[in-house]
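Since the model is a prediction, treat every value here as computed from it, not as a measurement.
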Amino acid sequence: MSPHTVLSDPLTINISKQTRALLAILPTDSAYSSQISLASSPRALLSTLSRLLAAPSLTVPISDLFRPLLVDLCARWLHDEEDLEDRFIAFCMLIENHEELFPILSTFLHRSCFSQGPLGFVEASPSIALLDATRLHRLLLAYYRILRANHLLPGDFLWPISHLSTLFTTPHPDFAVKYLAIRCYSLHTGMAEVERVQLETRILGEPGVVECPLTYGYNVDGSRITVDGWLMPTLEVERVYQCRNSVTVDSDFYTHEGDRTQNLTNDDLSPWTASVYGILMLKTSPCSRSSVEVVPTPSGIEALRQLTTFTSLRLPTLITSPPSSGKSLFISHLASLLYPEANDQIVTVHLADTSLDPRSLLGSYVSSPTQLGTFEWKDGVLIRAMREGKWLVFKDIDRASTEVLGLIKPLIESLAPGTWIGNRASIDVPNRGRVRASERFAVFATRSVVPSTSGSFPSPTFYGAHKFQELTVDAPSSDEVKMIIESRFPRLGKSLALAIIQVWAGIQRLGTTASSRSVGLRELEKYCRRAEALIPSFHSSTNVEASNQDVVPIATLFPNLAFREELFLEARDVFFGAGALTAPAQAHSDRIAALIADHIGLDLERREWILSGRVPAFEEDRDGNGDIVAVRVGRVRLPARPSKPTFLIAPTRPFAMHKPAVRLLSRIATAISLCEPVLLTGETGTGKTSVITRLASLLRRPLISLNLSHQTESSDLLGGFKPVDARIPASKLHAEFLELFGNTFSRKKNIQFEESVRKAIQEGKWRRAVVLWRESVRLARERIESKFNEDTHIHGSGWPRKRRKLDQTRLRQSAEAWDKFEHDIDEFDIQHAQGQGKFAFDFVEGPLVKALRSGDWILLDEINLTSPETLECITGLLSGPTASISLTEKGSLEAIPRHPDFRLFACMNPATDVGKKDLPPNIRARFTEIDVPPPDADRETLLSIIHQYIGHCAVGDKAAIMNEIADWLTDRIIVLTTACVRLPVLLFLRPTFQPVYGLRRALWEGCLMAFTMVLDGPSADIATGLAHKHILSGVRNPKSLLTKEPSHPISRTADEFVKFGPFYLEKGPLDADSVEDYIMTPSVEKKLIDLARIVLTRRFPVLIEGPTSSGKTSAVEYLARRTGHQFIRINNHEHTDIQEYIGSYVSDPATGKLVFKDGLLVHALRHGHWIVLDELNLAPTDVLEALNRLLDDNRELVVPETHEVVRPHPHFMLFATQNPPGLYGGRKVLSRAFRNRFLEVHFQDVPQAELESILCQRCRIAPSYGKRIVSVFRELQKRRQTGRVFESKQGFATLRDLFRWAGRDAVGYQELAENGYMLLAERARRAKTNLWSRKL
């Protein structure tokens, strides 16, 4: 249908004129005329016309005169079961020319009286010859017509074919009956033309020889129309042709010519009929429910009418529009009108997620839930939607992979125009046969395209696009935008709505820059929602209204300055709160802020104060027990979850509630109150994750943090098919058991029973656990039943009814919970307890789905590291406060129930660092984006942070120390040298160190650890001098303070520690090794002391950078062995996979089952080992970024395969080593966000004097030999620029080569020289270089 086709509304039909036309063709003495005249209302008239439509003589006249209302007239036949035979015959006469009636016909034929077809009475008749020939003529002719429309329909309804064969084999004496029966039989069975002719000749004789009178219908006056039966096929073709021609002729249904009759209303229509802005459609139920809200704009009405027309014709529809133009809204609205009883009629498949396996749409073999060790077929989402009659929406089909498009193309082709009327979609499933869809099934597709300057859309070019019927939806015009806002946000009032639209239009006219977000209708609606939330409930719309379309200033509408300030802050979060990375972007944000402030009535000074000086109030509401019940930030009050031990989240570290943090909390709290997804952007170390963690802790909201990376897949978020370890569901069942058992019985009296259950689970005795669980269910039922009877008997009617009803309700809820628990036990018994040693392979829901169900908060950290295709799987969650997703991979059609407490957060660094990129605009626009600047921009904030961390330690000289540290941190030189340091130095001070080292000494060591070990010699001296100046000022004897040897912790013995310099390192579980073969020199000892200073904290990861053979790995190994810790080393390379760190599923050699085996990193985390990630900058960046959460202050690692959160053992330490990038081939520069999570230590080359000593002691050679070897080594380094082999400092020889040379046990200088030549010179490619090496 052309988009410019004009469709009239059937409700505007001149029903009086059409009724007069019908009465004019009826005989004057007709009983039908009196029935029509007696109709007292439009509804009664439509009911009368519906009854008369089934009359054989009036079917054609009424269908012609009341064609716009034909759907409603036929839908009324579903109200009762009168005249079923006549109605069936009328349906069959009309269906070939009115395809829109097929859904009504299908619903009509589903009645029980048609279970054997329209000829079911034939077999029940005692004699075929006694059957009325005229009745058979009419029914067989109707049968023939329905077979011509859709020859598969009788087979779909399982009508027996024996009724037809009986009529010509028994046979019936009437020739026309036998002829029609043969015709219908041949169409029903798919008989070839030659076979049909042979059958007719054998039964009836030669065509045309025998007379075959056939009752072909009735005239208006009731007289019968008789024709020659042999001509029936030709007459049918002519009838259909003439009727279709009459439909194409414009008929005058709507002109009134002076009639004063009112138009029909929706209440006049049948409850089975839905009027979609002039298009009548059949509803699946006469009931009604509130439909999805659609504002009836002109373009929206036109789009809905075209969409309804395509749907009525069962055509696959492609909806093309700009982003946020209501594509999904239109489909949802239409589905809610046509399927009022179905809440999940629409199934959405996001095709932009290219990780989607095309085969999962059809189905796959999964582990049987009832027969362990076997697999059974499970339909995919596409096949399930076809069988259950859902509407399948392929979202972003233009971004789908070719494999997916190739799979769905045959499905679309099966719905193409020109097929049978009422044809169902079908598709071939490999090895499973052909699947035909339900009659309710429909296919839609959407694509979001930005129109050209002329307003047109580019034609779709994806594979199979020409098979769709395209519907284009333009963006709303300015007038339509006003209609939408005024309708959806009535509390704003017309004047404020127009003022807000004017602000929005002004922002759009400013355009965008390269790194700024575009502003569309989604942002306008979000701002109006926030503005409406600001208006008090007692406020009424202002009386100041616009005249002549003039917009009243907001300052006039709301003189209250505080309200306008809040309005400006809401505009900030919606329109320019995302931050700016470039100067043009910052200038653009400033222009937006100035424009909004001007419209709201705020001057420059007030605007700057609101953005940077205004601090909202922060309060914690507590109950009588001191527990937090709510948090108030600004105008928002966030309720806390009821206090439960399982949900108690203890803060892991201090949190400074400084002004930037309070402002950030206020912005986040507002978004949380409005159920908006939040995206925090900012440089590393600005507190993005910390503030969300803090808020979740205060509100007792479980926060699930997921560290995304390039290797993150949609299955890591939503779930996937994985081997199921029995311990995972057993742990879940045990937690459910403890909660139910504690609510029903006394846990103190039944501690032995609980211990038996816990022991069975711990030892993996699943059958024993099942027996105990079932016993608890039996006991619980007995207790609940006795309690219920006891309450009823004791209290009777004398007990307060409300109290008695409440107690009984609680008992019923407890009984239902135990019933559900028993059902879960039965499933566990079948899948795990009875299937010992067999595979259990099932769909395991991901952390995002679990949080969505339970109402937890989820944080997607480093969201811009993962691929855009992976993020497409969550776009459904970002659509609105109640939006959800369905598990396509699982084959689930139902959307996951979204808990009202669920909230989604995301964090990312700006795209100014290695490996970082911008989010796709379509995903980024769905978030409320908040920029998080560094919190240490001013002195006051620094003082607040310092006070929070060490205020309780600095008792005597608190003010002096805090001011001195603030001065030192804000010193220009220190700021320059610490630009890439992520953590403030004050975080390194732990309360347990202060009693041992003293406050000043602890601060000094912390500053050295944070700021000097990453610098070269001269820079380190400058930083040390400044630290001495600020931190040790006021100390009488600084030298004595710094050289004082502290004692070991008072609460521990000296045997529990190993001393390195002034630091006592706690011993590990292994026996300490003296490592006598490790050569200790002054420079080596200094390196060990630097490492010991960091190890003392046992918290921060360490990155050691230095040239090759400078002792990086050996120093860590020495410390690990000396302190009794297991040393683990992972050598990274360019193909390092994250599974090498975390682990993977492997086959258990004992049972043959797939079990998850921890990687080296996870193993070290659990057992407190020391691990070294060697050659860190050789590993892929996306693999390393997956470790961010472990390296962060949260110190936790999520195992994607098992969704387990692993927290480190107290003794765990992580080290990493690397060579400087640029000097060594293949070494890359690490991103700032990743590198700043480490404490860096730079190792320099070993001094020459120490190198000689190390060679002599380690290789046991004479000092003269060592001196000569080192002299050759230094000389080669001096000549490193001569050829390519000497391009790097150690390009020719490394310390490892020197150890190999010294280890060859040369006797005499001649052999020593020969060994060196063979080891070093032979690797040179140039003869000149070889000659130099020989001379040296």
Side-chain angles (χ1 to χ4, degrees), residues 649-650 652-653 689 693 703-709 711-712 716 722 725 727-728 731 762 847 859 861-862 982-983 987 990 1065-1070 1091 1094-1104 1113 1116-1117 1119-1121 1123-1132 1136-1146 1155-1176 1179-1180 1182-1217 1234-1235 1237-1239:
I649 306 174
T652 57
R653 58 190 181 279
T689 59
T693 304
L703 178 65
I704 302 172
S705 299
L706 300 178
N707 203 139
L708 306 186
S709 67
Q711 295 194 353
T712 301
D716 297 329
K722 299 175 183 178
D725 187 356
R727 294 187 181 276
I728 297 177
S731 299
Q762 187 176 8
L859 170 62
D861 207 0
E862 308 288 356
R982 180 173 185 269
L983 295 172
L987 289 180
R990 297 171 64 93
L1065 302 186
E1066 185 178 357
K1067 290 183 178 180
L1070 304 180
L1091 288 178
I1094 302 176
V1095 173
L1096 185 65
T1097 65
R1098 292 194 310 184
R1099 180 177 183 87
F1100 304 108
V1102 184
L1103 174 60
I1104 308 174
T1113 307
V1116 178
E1117 183 177 8
L1119 284 178
R1121 294 174 62 182
T1123 56
H1125 290 91
Q1126 180 72 37
F1127 175 78
I1128 299 176
R1129 178 178 179 180
I1130 298 179
N1131 286 310
N1132 291 289
T1136 298
D1137 192 86
I1138 190 64
Q1139 292 181 345
E1140 298 180 31
Y1141 290 167
I1142 297 179
S1144 60
Y1145 283 100
V1146 298
V1155 296
F1156 186 82
K1157 183 178 180 181
D1158 289 340
L1160 292 176
L1161 178 59
V1162 175
H1163 179 76
L1165 272 171
R1166 297 187 192 276
H1167 299 90
H1169 300 330
W1170 288 16
I1171 190 169
V1172 172
L1173 308 181
D1174 219 354
E1175 306 292 354
L1176 187 69
D1182 49 15
V1183 173
L1184 299 179
E1185 297 284 358
L1187 306 178
N1188 280 347
R1189 190 73 180 172
L1190 174 63
L1191 306 177
D1192 223 335
D1193 302 334
N1194 304 280
R1195 302 195 77 201
E1196 60 185 26
L1197 182 66
V1198 178
V1199 181
E1201 283 76 7
T1202 62
H1203 306 150
E1204 180 185 5
V1205 179
V1206 183
R1207 292 180 173 82
H1209 188 279
H1211 284 243
F1212 171 77
M1213 281 296 298
L1214 185 142
F1215 302 86
T1217 66
F1234 181 73
R1235 186 165 185 164
R1237 285 173 162 82
F1238 289 90
L1239 284 179

Chemist: Tell me every residue that passes side chain to side chain contact (heavy atoms under 4.5 Å, CB included) with Gln762, counting only those two or more places apart in sequence or in another chain.
Modeler: Arg758
Chemist: Which heavy atom of Leu1184 sits nearest to which heavy atom of Ala1179, and what is that distance?
Modeler: CD2-CB, 3.8 Å
Chemist: Side chain to side chain donor-acceptor pair (under 3.5 Å) with Glu1066: which residues, sequence neighbours excluded?
Modeler: Arg1052, Arg1098
Chemist: Any side-chain heavy-atom pair from Leu1187 and Ile1138 closer than 4.5 angstrom?
Modeler: yes
Chemist: Suppose we screen for ring pair (Phe, Tyr, Trp, His ring centres under 6.0 Å). Which residues come up paired with Phe1127, at least two apart in sequence or across chains?
Modeler: none
Chemist: Distance from Thr689 atom OG1 to Glu862 atom CD, nearest 0.5 Å?
Modeler: 9.0 Å
Chemist: For His1167 and His1163, work out which heavy atoms get closest and say how close.
Modeler: ND1-O, 2.9 Å
Chemist: Within the 4.5 Å heavy-atom criterion, are Pro1101 and Leu1191 side-chain neighbours or not?
Modeler: yes
Chemist: Are Phe1215 and Leu1176 close enough that some pair of their side-chain heavy atoms sits under 4.5 Å apart?
Modeler: no
Chemist: In Å and rounded to the nearest 0.5 Å, what is the CZ to CE distance from Arg1099 to Met1213?
Modeler: 11.5 Å
Chemist: How would you list, by chain and number, every residue that makes a ring pair (Phe, Tyr, Trp, His ring centres under 6.0 Å) with Phe1212, sequence neighbours excluded?
Modeler: none
Chemist: In terms of the angle between their ring planes, are Phe1238 and Phe1234 parallel, tilted or perpendicular, with boundaries placed at 30° and 60°?
Modeler: perpendicular
Chemist: Roughly how far, to the nearest 0.5 Å, is CG of Asn1188 from CZ of Arg1237?
Modeler: 4.0 Å
Chemist: Could you give the distance from OG (Ser709) to CG (Asp716), rounded to the nearest 0.5 Å?
Modeler: 8.0 Å
Chemist: Side chain to side chain contact (heavy atoms under 4.5 Å, CB included) with Thr1217: which residues, sequence neighbours excluded?
Modeler: Ile1104, Lys1112, Thr1113, Val1172, Asp1174
Chemist: Report the residues that fulfil salt bridge (charged side-chain N to carboxylate O under 4.0 Å, His left out) with Arg1195, sequence neighbours left out, ordered by chain and then residue number.
Modeler: none
Chemist: Against Leu1173, only a single residue in Leu1103, Thr1136, Ile1130 fulfils side chain to side chain contact (heavy atoms under 4.5 Å, CB included); can you say which?
Modeler: Ile1130
Chemist: Can you find a heavy atom in the side chain of Leu706 that is under 4.5 Å from one in the side chain of Asp861?
Modeler: no
Chemist: Looking at side-chain heavy atoms only, is the closest gap between Leu1165 and Leu1190 below 4.5 Å?
Modeler: yes
Chemist: Mind checking salt bridge (charged side-chain N to carboxylate O under 4.0 Å, His left out) for Glu1117 and listing every partner two or more places apart, or none if nothing turns up?
Modeler: none
Chemist: If the condition is side chain to side chain donor-acceptor pair (under 3.5 Å), which residues does Asp1137 pass it with, not counting sequence neighbours?
Modeler: none
Chemist: About how many Å separate CG of Leu1197 and CD1 of Ile1142, when rounded to the nearest 0.5 Å?
Modeler: 5.0 Å
Chemist: Which distance, rounded to the nearest 0.5 Å, do you find between the NE2 of His1169 and the CG of Leu1160?
Modeler: 10.0 Å
Chemist: Considering residues at least two apart in sequence or located in another chain, which fulfil the side chain to side chain contact (heavy atoms under 4.5 Å, CB included) criterion with Arg1207?
Modeler: Glu1196, Val1205
Chemist: Could you go step by step and tell me if Leu1161 and Leu1214 meet the side chain to side chain contact (heavy atoms under 4.5 Å, CB included) rule?
Modeler: CA-CA 9 Å; Leu1161 178 59; Leu1214 185 142; 3.8 Å; yes
Chemist: Under the side chain to side chain donor-acceptor pair (under 3.5 Å) rule, collect the residues that match up with His1125, sequence neighbours excluded.
Modeler: Thr1123, His1211
Chemist: I'd like to check the side chain to side chain contact (heavy atoms under 4.5 Å, CB included) partners of Ser1144; sequence neighbours left out, ordered by chain and number.
Modeler: Gln1139, Val1146
Chemist: I'd like to check the side chain to side chain donor-acceptor pair (under 3.5 Å) partners of Asp1158; sequence neighbours left out, ordered by chain and number.
Modeler: Arg1166
